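The structure displayed is predicted, hence computed values, not measured ones. We're numbering straight along the sequence, starting at 1.
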Amino acid sequence: MPATFPAWRHLPAGSGLPLELSEQRCSSYLRAMGLSDGSDHGTQQTQALLSATREMELQRRDYHVERPLLNQGQLEDLGHWGPVPNTYQWRTWFRCSRARAHALLLHYVPVLGWLPRYPVRDWLLGDLLSGLSVAIMQLPQGLAYALLAGLPPMFGLYSSFYPVFVYFLFGTSRHISVGTFAVMSVMVGGVTESLTADDAFLQSLNATVDDARVQVAYTLSFLVGLFQVGLGLVHFGFVVTYLSEPLVRSYTTAASVQVLVSQLKYVFGIKLNSHSGPLSVIYTVLEVCAKLPETVPGTVVTALVAGVVLVMVKLLNEKLKRHLPLPIPGELLTLIGATGISFGAKLNERFRIDVVGNITTGLIPPVPPKTELFATLVGNAFAIAVVGFAIAISLGKIFALRHGYRVDSNQELVALGLSNLIGSFFQCFPVSCSMSRSLVQEGTGGNTQVAGAVSSLFILLIILKLGELFRDLPKAVLAAVIIVNLKGMMKQFSDICTLWKANRVDLLIWLVTFVATILLNLDIGLAVSIVFSLLLVVIRMQLPHYSILGQVPDTDIYRDVAEYSGAQEVPGVKVFRSSATIYFANAELYSDSLKQKCGVDVDHLISQKKKRIKKQEMKMKRMKKAKKSQKQGTSSKISSVSVNVNTTFEDIKSNDMEDSEAKVHQREELEDTVTSNQETVKAPTMNTLKSLGLPQPGFHTLILDLSTLSFVDTVCIKTLKNIFRDFREIEVEVYIAACYSPVITQLEAGHFFGDDITKQHLFVSVHDAVTFALHHRKSGPKSPASATKL
């Protein structure tokens, strides 16, 4: 290869030639050098060299921008800046038209929008199979989760029918399965058991324990639905953003532990006292341990056998899921088999194994909620409403992102609220969506909520005709179904290891949420965890990362000199940046950190300067006073002239000379007075740090990078003004850079800009500010006034 080959190989990137022209130039060069003869071998050589050239061009794709140095005022003139016109969206709420009415109808009843356009041939078969699969899971889970809520099993079937059909009409997610859920059930169970443990409460309702629990449950569902619908109508769906993912995962994990503890009495066949409030889980575990000698062996064996069967079927489904059109309904088969064995072997009579008992068939008439319970249940209802919505919207957004459609959080809140509100009139307890059933609905080919409607119709068939067949079902089997279904949430304990490596603050939120929920119960634990996570946000904003920026060589990029060893501070210029916005909680810390990072004790220097100026002024006053008194004494001696009547010619001559001398002295005194006054006038401009004998800062310009600001308040504006004032006192000019337009608007509204601080002190980027500072320092006049007025 010729020695001149590297000449074209090291073509300067960013020369302005497109890649195609570079390739043409390389081909011409190869032909000129005789390296390409048109043969296949020559063509291959050419292509190989061109590909190498293309790769190097892509790696070194420099860009060159030429523009004038811009401050904010110049940018506004150049870009023709103008205020954004205010849009009052509320005005459209009161407009009436046929199109608006139709749009509102489709918004609040989404089924009218997608059902007429439903592709029957493509989606119907998948939705039918998916709905059947979900219904097969819904049946045992409905019975089991009713038991978890402290209610008779048939109310779990009601809660698996009415809310599901209502969500079919109003929901926007196509894949989530609404119905009974373990976390919601355990929250409801905590409320029902704590209230019905009081005899006075039962007497006030004039009902048995089971009837009182049912009344509490459907009244709670009414309040939950009322909260959710109300919050959805006022567009309060954003409240779920305050529930971070670590918080929700930790909360559901703690709830699953509470679910597990609540099922121990059915696994061991023992009777426990009702515990509620803080530390109720601890008390329950201690009581279970104390009553282990009373365990019924047949109940334990039944639970273990059912649990092993369920786990084996789930493992088999995971291994054969590619070959099976539908998963094996292990839960339904286990319930049917256990019911048959219990009926044939008479497990209840022979081995004292508790069974479900009578299940009423048929639908029940609607009943109104118990208004006298509203005041007692309102706090728990709000907590359940928020948790239920958080779980539903989290799963809904996951499936929406996976399948490419949008979920409206506010409409989801309304849909879930209507499901609970309407269901409450038919004695349903609060529901949300189930993770396991939602995954089955998606995995078996479900495309819309038609699958949910099919599953609800299947549950309706069971309510009307088949429910009574499960009266001999052992409760231990239902407990096994619940415990096995907790496997997914129990796996979330692995978050501890993941968060330890990824983010310790999120790990702290996870641990605090878990401990608070276990010890303080679900409602208080949720409140504590939300407050703690918000408190951490405030603390993290109060303790941001402060840094001095340096320029990356030959670029307009500025990075933290502590992190980038190649970044170098610009001589005479300090660039300071905070990683968080400045507001009342961290404004003082921002100012203190700025002075510390700059390496100058600004307050001490200003104090020393003021002391020395004051001392100098006092000294000048004493000198002026002494000089004045000295002049007065001299003039009094000269003006005391004796007059003699018998004056001779020589006396008259001598008196004339004395008069001329007095005039000369008076003229000198006037000149001294004018000179002293001029010195007094010039004194302030001459009081520099150098003339006062004070140390000067090692930089002449301070630049505040405010690119991280998202808003400003009055405290922030006052802090920035104080920074300008203090650093100018020590002969350091201050500029700000990289502010966004909304922040600039807020600065203007707060009267930040004025005679001393103008928009000429605000630059569009840090590099503009640095360039201006260096140029102004070199070419501008030396007086401080010119450095301030620009």
Side-chain angles (χ1 to χ4, degrees), residues 109-143 145 156-181 184 317 321 324-332 388 391-408 411-412 415-416 418-420 422-423 428 431-464 466 485 488:
V109 191
V111 69
L112 298 178
W114 61 264
L115 192 59
R117 298 180 283 106
Y118 181 78
V120 178
R121 291 185 178 180
D122 298 332
W123 286 0
L124 183 60
L125 180 60
D127 282 337
L128 287 175
L129 294 176
S130 177
L132 182 61
S133 302
V134 171
I136 290 172
M137 290 184 66
Q138 189 97 292
L139 170 62
Q141 288 186 5
L143 296 173
Y145 293 155
L157 297 180
Y158 298 150
S159 300
S160 301
F161 168 62
Y162 293 103
V164 177
F165 195 78
V166 172
Y167 185 83
F168 162 74
L169 300 175
F170 298 100
T172 59
S173 176
R174 300 190 336 223
H175 294 90
I176 66 172
S177 174
V178 173
T180 57
F181 183 51
M184 302 290 288
N317 281 330
K321 61 182 178 181
L324 295 174
L326 294 174
I328 301 172
E331 295 173 345
L332 181 62
I391 295 170
I393 196 64
S394 299
L395 284 176
K397 287 187 175 182
I398 289 173
F399 290 121
L401 187 63
R402 187 179 299 173
H403 293 276
Y405 62 92
R406 183 178 175 272
V407 172
D408 186 347
Q411 180 59 26
E412 282 295 291
L416 199 60
L418 288 174
S419 299
N420 285 312
I422 297 174
C428 300
V431 298
S432 183
C433 74
S434 168
M435 186 183 304
S436 58
R437 292 197 308 270
S438 299
L439 291 172
V440 168
Q441 180 168 323
E442 182 209 25
T444 53
N447 297 292
T448 63
Q449 283 299 325
V450 170
V454 171
S455 68
S456 66
L457 293 177
F458 185 79
I459 296 296
L460 176 62
L461 178 64
I462 295 173
I463 292 173
L464 295 176
L466 305 177
N485 279 311

> Within the distance-only criterion (no hydrogens, no angle test), does the side chain of Y145 pair as donor or acceptor with the backbone N or O of G179 below 3.5 angstrom?
Replying inline: no

> Can you tell me if N420 uses its side chain to pair, donor with acceptor, with the backbone of P163 under 3.5 Å?
Replying inline: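 A pair under 3.5 Å: no.
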
>> side-chain contact (heavy atoms from CB on, under 4.5 Å), that's the test. Do L418 and Y167 meet it? Break it down for me.
In response: CA-CA 8 Å; L418 288 174; Y167 185 83; over 6 Å; no

Please report the interatomic distance [atom1]([X]) to [atom2]([Y]), rounded to the nearest 0.5 Å.
{"X": "I393", "Y": "I176", "atom1": "CD1", "atom2": "CD1", "answer": "7.5 Å"}
{"X": "E412", "Y": "L416", "atom1": "CD", "atom2": "CG", "answer": "7.5 Å"}
{"X": "L112", "Y": "F170", "atom1": "CG", "atom2": "CZ", "answer": "9.0 Å"}
{"X": "L139", "Y": "I462", "atom1": "CG", "atom2": "CD1", "answer": "4.0 Å"}
{"X": "L461", "Y": "L457", "atom1": "CG", "atom2": "CG", "answer": "9.5 Å"}
{"X": "L395", "Y": "S173", "atom1": "CG", "atom2": "OG", "answer": "8.5 Å"}

If you compare all heavy atoms of [X] against all heavy atoms of [Y], which two are closest, and at what distance to 0.1 Å?
{"X": "S159", "Y": "T180", "value": "CB-CG2, 3.9 Å"}
{"X": "V164", "Y": "G452", "value": "CG1-O, 3.2 Å"}
{"X": "H175", "Y": "Y405", "value": "ND1-OH, 3.0 Å"}
{"X": "Q441", "Y": "V134", "value": "CB-CG2, 3.6 Å"}
{"X": "P110", "Y": "T172", "value": "CG-CG2, 4.0 Å"}
{"X": "G388", "Y": "S432", "value": "O-OG, 2.8 Å"}

> What's the verdict on side-chain contact (heavy atoms from CB on, under 4.5 Å) for L439 and F399, showing C-alpha distance, side-chain angles and the deciding distance?
Replying inline: CA-CA 9 Å; L439 291 172; F399 290 121; 4.0 Å; yes

>> Show, in sequence, the C-alpha distance, side-chain angles and deciding distance for I459 and I463, and conclude whether the side-chain contact (heavy atoms from CB on, under 4.5 Å) test is met.
In response: CA-CA 6 Å; I459 296 296; I463 292 173; 4.0 Å; yes

> Pick one: which of S133, S177, S434 meets side chain to side chain contact (heavy atoms under 4.5 Å, CB included) with V440?
Replying inline: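 Of all the options given, the one that passes is S133.
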
> Is the count of non-hydrogen atoms from other residues, nucleotides or ligands lying under 6.0 Å from Y158 atom OH greater than 12?
Replying inline: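 Yes, enclosed.
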
> How far apart are the C-alpha atoms of F168 and V178, what are their side-chain angles, what is the distance that settles it, and do they pass the side-chain contact (heavy atoms from CB on, under 4.5 Å) test?
Replying inline: CA-CA 9 Å; F168 162 74; V178 173; over 6 Å; no

> Which pairs pass side chain to side chain donor-acceptor pair (under 3.5 Å) with one or both residues in residues 447-461, sequence neighbours excluded?
Replying inline: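 Counting only pairs at least two positions apart or across chains, the side chain to side chain donor-acceptor pair (under 3.5 Å) contacts touching residues 447-461 are D127-T448.
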
